[in-house]
Amino acid sequence: MREKKEIRINIAIDGPSGVGKSYISKMLAKELNYKFISSGNLYRAIAYNALANNLDLNDEKLISDSFESSDLNILDDDSIIFKNENITEKLRANEVSDAASTIAKYQKVREKINHFIQQYSEVNKGVIVDGRDATYRILPNAEAKFYMWASPEVRAMRRVRQNKELGINSNYDEVYEALKIRDYNDMNRKVDPLKISEGSIVIDTEHMSIPENFDALYVHILRIIKDKK
């Protein structure tokens, strides 16, 4: 008797800065043996290419025309391939991160990167993506969609505590104000603002520990997978 093929789904997670989306996404990916895709790394790849070729970062058309979604690839070990070159180690430089923040605002660049993730997730089921617009723009067809939430007060306290554990001194008031500004900008930007999209399951992490947060999403994911059997 032929064994049933394992059912794998795609997962999209939205939420404000500092709510723990990437951390929980990585935990879920490890538990489920899924692929966590950091869209930030893909933007860094485009930024690295722009810097390597001395392109004007403020020229939106030039940056957009510098690549196609087919130029990108992700290997099984999460290495980032751009135009057949493994550039993973080159994406960590500060200037690449700074450049990525600039080019990530460009609509055509966002469309091409989203197109790559969508194609990749169709061929390789079992993808987890997080972001501000993951549930309705990056992976609109994801079978599981979540919106993680916590107040800026709680997120600021968490970040200060995490920084302290890392040996980094940070001021709560400054962190809190920065998060509030980031929230306002994310929720009010013209292109793909942060919002609770249709079909998203809201996870209020306000009073949750990390394991509780993980379990909350994991239970929903297992139910969704079960319903597809």
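- Residues Asp130 and Phe36 meet the side-chain proximity criterion, which asks for heavy atoms closer than 4.5 Å.
- Contact record, Tyr136 with Asp192: OH-C, 2.9 Å, taken as the closest heavy-atom pair.
- You'll find the side chain of Ser151 reaches within 4.5 Å of the side chain of Glu206, heavy atoms only.
- A parallel orientation is assigned to the rings of Tyr218 and Phe214, their planes being inclined by less than 30° (bins at 30° and 60°).
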Derivation and outcome, side chain to side chain contact (heavy atoms under 4.5 Å, CB included), residues Tyr172 and Arg161: CA-CA 9 Å; Tyr172 169 82; Arg161 184 169 62 248; over 6 Å; no
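- Side-chain N/O atoms of Gln118 and Glu122 include no donor and acceptor closer than 3.5 Å.
- Nearest heavy atom pair, residue Ser39 against residue Ile117, reads CB-CD1, 4.2 Å.
- Taking CD from Glu68 and NZ from Lys83, the interatomic distance works out to 8.5 Å, rounded to the nearest 0.5 Å.
- Heavy-atom minimum distance, Pro16 versus Asp183: CB-OD1, 3.5 Å.
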Trace of the salt bridge (charged side-chain N to carboxylate O under 4.0 Å, His left out) decision for Lys125 with Glu6: CA-CA 10 Å; Lys125 294 290 283 189; Glu6 178 189 4; over 6 Å; no
Check the pair Asn49, Ser66 against side chain to side chain contact (heavy atoms under 4.5 Å, CB included), reporting the backbone distance first and the verdict last. CA-CA 8 Å; Asn49 177 65; Ser66 69; 3.8 Å; yes
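- Distance NZ/Lys105 to CZ/Arg189: 11.0 Å, rounded to 0.5 Å.
- Atoms CG and OG, on Leu91 and Ser79 in that order, are 10.0 Å from each other to the nearest 0.5 Å.
- Applying the salt bridge (charged side-chain N to carboxylate O under 4.0 Å, His left out) test between Asp133 and each of Lys195, Lys145, Arg110 identifies Arg110 as the sole match.
- Among Leu28, Ile221, Ile9, Val127, the one residue that satisfies the side-chain contact (heavy atoms from CB on, under 4.5 Å) test with Tyr34 is Ile9.
- The heavy-atom pair separating Arg132 from Asp186 by the smallest distance is NE-OD2, 2.7 Å.
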Check the pair Ile13, Met148 against side chain to side chain contact (heavy atoms under 4.5 Å, CB included), reporting the backbone distance first and the verdict last. CA-CA 7 Å; Ile13 303 175; Met148 290 172 56; 3.7 Å; yes
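- Asn94 and Asp98 form no side-chain donor-acceptor contact under 3.5 Å, judged by distance and modelled atom types alone.
- Shortest non-hydrogen contact noted between Lys112 and Ser64 is NZ-O, 2.5 Å.
- Donor-acceptor pairing under 3.5 Å is lacking for the side chains of Asn213 and Thr205.
- At least one side-chain heavy atom of Ile201 sits less than 4.5 Å from a side-chain heavy atom of Ile203.
- With contacts defined as side-chain heavy-atom distances shorter than 4.5 Å, the pair Lys180/Glu177 qualifies.
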Using the rule given for salt bridge (charged side-chain N to carboxylate O under 4.0 Å, His left out), can you reason through Lys35 versus Asp76, listing the C-alpha separation, both sets of side-chain angles and the distance that settles it, and then say yes or no? CA-CA 8 Å; Lys35 169 78 73 177; Asp76 290 340; 5.0 Å; no
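- Considering OG of Ser17 and CG of Asn185, their distance stands at 11.0 Å, rounded to 0.5 Å.
- Taking each heavy atom of Ser69 and His115 in turn, the nearest pair found is OG-CD2, 3.1 Å.
- Tyr184 is linked by a ring-ring contact (aromatic ring centres under 6.0 Å, His included) to nothing, counting only residues two or more places apart in sequence or in another chain.
- Here the CD1 atom belonging to Ile11 is positioned 12.5 Å from the NE2 atom belonging to His220, to the nearest 0.5 angstrom.
- With a 4.5 Å cut-off on side-chain heavy atoms, Asn73 and Leu75 count as touching.
- Rounding to the nearest 0.5 angstrom, the gap separating the CZ atom in Phe146 from the OG atom in Ser197 is 11.5 Å.
- Within the 4.5 Å cutoff, side-chain heavy atoms of Ile46 are placed close to those of Ile63.
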